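Please read the structure below before turning to the comments.
The analysis underlying the following values was restricted to heavy atoms, covering all of them including side chains, and did not include hydrogens, waters or symmetry mates. Please read these numbers as outputs of a predicted model, since none were measured by experiment. Here is the naming used below: chain letters follow the sequence lines, and residue numbers restart at 1 for every chain.
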Amino acid sequence: MAELPARYDPIEEEAKIQQWWEDAKIYEFDPADEAEIYSIDTPPPTFSGNMHIGHAFSYAQTDFIARYHRMQGKNVFYPFGVDDNGLATERLVEKEKKVSSKKMEREEFVQLCLQFVEEHRNDFVTDWKKLGISADFNVFYSTISDHARAISQRSFVHLYKDGRIKRKKSPIIFCPTCKTAIAQVEMEDVEKKSTLNYIKAQVETGEYVIYATTRPELHPGCMGLSIDEAGVYVVANRGEEQWILAKDAVEKLQDEFPMTIVRELKGKDLVGRKVEIPYAQTVAITHDTSVKTEYGTGIVYYCSYGGLDCVEWFARHPDAQPVDVMDETGCYTTGPCAGLRSAEARKKIIEQLENDGSLVKKEKIKHFVNVHERCGTDIEYIATDQWFITYMDLQEQFLQNGSELNWHPAHMQVRLDNWIKGLQWDWCISRQRHFGVPIPVWYDKKGEVILPSDDELPVDPLRDVPKGYKKEELTPEHDVLDTWATSSLTPQIATELYKDHPVFKRLFPMSLRPQAHDIITFWLFNTMVKSQLHHKKNPWKDVAISGFTLDPHGRKLSKSKGNAVHPQEVLKNYGADALRFWAAGAKLGEDFPFQEKDFVTGKKTITKLWNASKFVVMNLEDYTGFNAEFTELEVMDRWMLSKYNTLVKECAAAFDNYEYSKVKFAVEQFFWKDFCDNYLEIVKGRLYEPKDNVEKSSAQFVLSHVLEGMLKLFAPFMPYITEKIYGMLPFENKAKSIHLSSWPSYREEWHDNDAEMVGHDIVLVIEEVRKFKSANQLSMRAPVKKLTVTTKHDIRLAENDLVAVTNAEGFDHKHGEFLVVIE
RNA sequence: GGGCCCGUAGUUUAGUGGCUAUAACGUCUCGUUUACACCGAGAAGGUCACCAGUUCGAGUCUGGUCGGGCCCACCA
């Protein structure tokens, strides 16, 4: 038998082992395997760079679960995809290939992206492979591939036919400088100086309402004034005029604008009164939930569109119809400022309002405005035709679906529930971008929607023509689908890779959705929505929500703070097992600080595992088996086996409940304390100088069983070192890989209360002796003259082991309260 | 502002109403011929954030206060 090398170099060995896994196809999905399926809806990372530490953290956690279920004998379906259908990839490809997507045919750019992904796919997934992710990387998809585009477009076509998709006017975020629609992620907050303008407008009953705005240029788009119906408002005399405003506002304005309150009234008394707004139509006062009497004058004017608040207001007030005041050149189209952009328009209208006496006060303020990150221009909202999935009627259904999922951890469900309860409008799935999955729609001469048939998909309406039509008869839709409209179909995209195989029926609904908590309201919710609309059921049974990696002080990692951490460095310095061991220390869903020292601990555990295994293997050299009953084992061997047996039971229970961190903690403690510190020391006497072969083989039996089992318990966390050691164990009938071996099973007959109690006392005695030797500055091997132990249990069955491990020259046992006397 | 989570040793953490509240790292003392100095043994280190309540009993349950983190919304 080959002796184990003195040292284990994780960096060198992990590379070799990983290559072997790949060559031997250890994690290959076998669709013909009849075993129970455990399918994972793996998050497809954005194809835009390297794996970051947050990825390493959460993918490792999913991998613990996957490996456990694989060892439980399940047929694990663990695909890997990349999300290249989005802005990040678009930007990356534009930069790397030095092209502009807008100047190309869309299909051409899609092909370029696919080519780019193909070229870099191996590099991209390398980090995940190094980390030891046990996905089958050949069960692979890309969200911009034909496969995924066809599924995404099919979803659109089917939902349209079901009456779930509608086209309607809706505001989009627009950059007047770049003259383009932009995505929310392309905006940033900038604090700017501005002016809050107080404006008066006459009510039909003669008084004036006072409202404040930072966007007076939008007066022509004003469609309503709102108050808080529960708020307290007043009518106040101000010179000849009577002003209406919130009571709170009177106090603030009193110094500058002395007025006397005539009477108080409730906000609801104002509802319905008509007000003549300058440069706009006459509008009625309404109640709105967002209005607070403490801010401004307690009266708000809403325009199409001053900001997101206005957009939301229109959603709450369907009677008020937005008007288009700005066109796609960023200029106003109506009113006194027609032809002007916002900045000039504001100046002009303030002048005019001042001239006709409507402007009562200008207050300098600082506030945050959204600007386009590329050019710094204030963004605008303009109304355009957009595509929506209508689902507001399904809120109850979605809540029900959410409650039917098994949430790990449970409290994450609350986030989804709050989101669903707060939904205000339908899901806008169209984007005015060039790159993406095209909306599969043409319009005929009458403007009717023409759809492709399923077998034509995927299509690009800009280039393709549906069956039975000529190009000149149709106008193509230019918009593309929001990336969430496609990524919400990952269960279908992944499982339909096996569409033509009988296993397909068994893959969906999937077993597990693993993901982080930041996108519960997006990816998780949207995937549930699509599954409900298409299949009338949830796409998975369980969800496992992982947390974030934080910096060593518990703050969020970010590029701007300069506290980013690179997993590649950790892999290079400590290896994947150490990185994974760190990730296993965090409870599922818990945010976890990144600490260098944790990797040192991981690496030390690896070394310890190596050394302890080396010891066991060396001492199994002459082992030929222990052919007797459990009860014939030495008492300390039964103690060890019984404790190990309990551990096995606990670990499976915790893993079944996605509590991998409990498993990690329990196994680590058992290995270090019970197995190494105590058991290995206890059996040394019997191994080195056995009285007979029986007491030695008794120890060997337990050493071999417990080592093998412990390696398996460690295997989901540290797949490399456990694979290496497993391969060197001198057993027959081993599995090809530890990761294909079966999870240890609990054995009732190995449970031994008596042995556990004796063992417990023996360990306490050993501790006392060690304390004594430490206190007397003696070596642990130093002999003690006489050891007198008083215990309640009869420990004499373990006397030989105890004498050997403590190196006692004399020993006496008495019955009574626990006491150790060392001479 | 709304929601969720978290406050336990110098640091990071375990803890399912019940023995003397975990462990790792760090610190201090000691110890190397038979797995391991990439080590072992031992020690010190705690107002379980604070206040009140429920209970025979609270780190654990309830309410409040303070502090931290994340997500969402953000000002007319």
Gap in Å between the two [atom1] atoms, one belonging to [N] and one to [M], rounded:
{"N": "B/rG7", "M": "B/rC51", "atom1": "C1'", "result": "15 Å"}
{"N": "B/rA49", "M": "B/rC19", "atom1": "C1'", "result": "27 Å"}
{"N": "B/rG15", "M": "B/rU60", "atom1": "P", "result": "15 Å"}
{"N": "B/rC70", "M": "B/rG10", "atom1": "C1'", "result": "26 Å"}
{"N": "B/rU22", "M": "B/rA44", "atom1": "P", "result": "13 Å"}
{"N": "B/rU47", "M": "B/rG18", "atom1": "P", "result": "22 Å"}
{"N": "B/rC56", "M": "B/rC61", "atom1": "C1'", "result": "16 Å"}
{"N": "B/rG26", "M": "B/rC39", "atom1": "P", "result": "9 Å"}

* Could you go step by step and tell me if A/F581 and A/K603 meet the side-chain contact (heavy atoms from CB on, under 4.5 Å) rule? -> CA-CA 9 Å; A/F581 203 61; A/K603 203 170 172 181; over 6 Å; no

* So which one's nearest nucleotide on RNA chain B is more toward 5', A/A612 or A/K771? ->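 It is A/A612 whose nearest nucleotide is closer to the 5' end.
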
* Structure fact -> Contacts of A/Y302 and A/E668 projected onto RNA chain B by closest heavy atom; the upstream (5') one is A/E668

* Euclidean distance, A/F670 CZ relative to A/K643 NZ, rounded to 0.5 Å ->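 Going from NZ on A/K643 over to CZ on A/F670, the span is 8.0 Å.
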
[N] phosphate, OP1 or OP2: any side-chain N/O from [X] under 4.0 angstrom?
{"X": "A/K684", "N": "B/rU34", "value": "no"}
{"X": "A/K597", "N": "B/rA24", "value": "no"}
{"X": "A/W672", "N": "B/rU22", "value": "no"}
{"X": "A/K608", "N": "B/rG40", "value": "yes"}
{"X": "A/K604", "N": "B/rC25", "value": "yes"}

For the side chain of [X], counting heavy atoms from C-beta on, which of [options] is nearest?
{"X": "A/R770", "options": "B/rC38, B/rA41, B/rU13", "result": "B/rA41"}
{"X": "A/F665", "options": "B/rA14, B/rA76, B/rA41", "result": "B/rA14"}
{"X": "A/K587", "options": "B/rA14, B/rA41, B/rC30", "result": "B/rA14"}
{"X": "A/Q595", "options": "B/rG15, B/rU12, B/rC71", "result": "B/rU12"}
{"X": "A/K662", "options": "B/rU12, B/rG15, B/rA41", "result": "B/rG15"}
{"X": "A/L196", "options": "B/rC30, B/rA76, B/rA14", "result": "B/rA76"}
{"X": "A/H517", "options": "B/rA76, B/rA23, B/rC70", "result": "B/rC70"}
{"X": "A/K673", "options": "B/rC39, B/rA76, B/rA23", "result": "B/rA23"}
{"X": "A/T601", "options": "B/rU32, B/rC25, B/rA41", "result": "B/rC25"}
{"X": "A/S774", "options": "B/rC71, B/rA76, B/rA41", "result": "B/rA41"}

Assign [X] to base, sugar-phosphate, or nothing according to its heavy-atom contacts below 4.0 angstrom with the strands shown.
{"X": "A/G602", "answer": "nothing"}
{"X": "A/E681", "answer": "base"}
{"X": "A/D677", "answer": "sugar-phosphate"}
{"X": "A/V600", "answer": "nothing"}
{"X": "A/T214", "answer": "sugar-phosphate"}
{"X": "A/C310", "answer": "nothing"}

Please report, rounded to the nearest Å, how far the [atom2] atom of [N] is from the [atom1] atom of [X].
{"X": "A/F548", "N": "B/rG68", "atom1": "CZ", "atom2": "C1'", "answer": "16 Å"}
{"X": "A/I545", "N": "B/rC6", "atom1": "CD1", "atom2": "P", "answer": "16 Å"}
{"X": "A/I822", "N": "B/rG42", "atom1": "CD1", "atom2": "C1'", "answer": "13 Å"}
{"X": "A/R415", "N": "B/rA73", "atom1": "CZ", "atom2": "C1'", "answer": "15 Å"}
{"X": "A/H287", "N": "B/rA76", "atom1": "NE2", "atom2": "C1'", "answer": "15 Å"}
{"X": "A/D417", "N": "B/rG2", "atom1": "CG", "atom2": "P", "answer": "19 Å"}
{"X": "A/N418", "N": "B/rG3", "atom1": "CG", "atom2": "C1'", "answer": "5 Å"}
{"X": "A/D551", "N": "B/rG69", "atom1": "CG", "atom2": "P", "answer": "11 Å"}

State whether [X] and [Y] are salt-bridged, where the test is any N-O pair (Lys NZ or Arg NE/NH1/NH2 against Asp/Glu carboxylate O) under 4.0 Å.
{"X": "A/E681", "Y": "A/K684", "value": "yes"}
{"X": "A/E668", "Y": "A/K664", "value": "yes"}
{"X": "A/E217", "Y": "A/R215", "value": "yes"}
{"X": "A/D637", "Y": "A/R686", "value": "yes"}
{"X": "A/D622", "Y": "A/K696", "value": "yes"}

* Asked: With A/M640, which of A/L703, A/L680, A/V706, A/N678 fulfils side chain to side chain contact (heavy atoms under 4.5 Å, CB included)?
  -> A/V706

* A/T521 versus A/R415, side-chain donor and acceptor atoms under 3.5 Å -> no

* If we only count heavy atoms from C-beta on, is the A/L353 to A/P216 side-chain gap below 4.5 Å? ->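 Yes, their side chains come closer than 4.5 Å.
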
* Can you run through RNA chain B from 5' to 3' and write each base as (, ), [, ], | or . depending on how it pairs? Watson-Crick or G-U wobble, both distances under 3.5 Å. => (((((((..(((.....[....))).(((((.......))))).....(((((..]....))))))))))))....

* To do: Tell me, with the steps shown, if A/Y305 and A/Y381 meet ring pair (Phe, Tyr, Trp, His ring centres under 6.0 Å).
  => CA-CA 6 Å; A/Y305 292 101; A/Y381 288 85; 7.1 Å; no

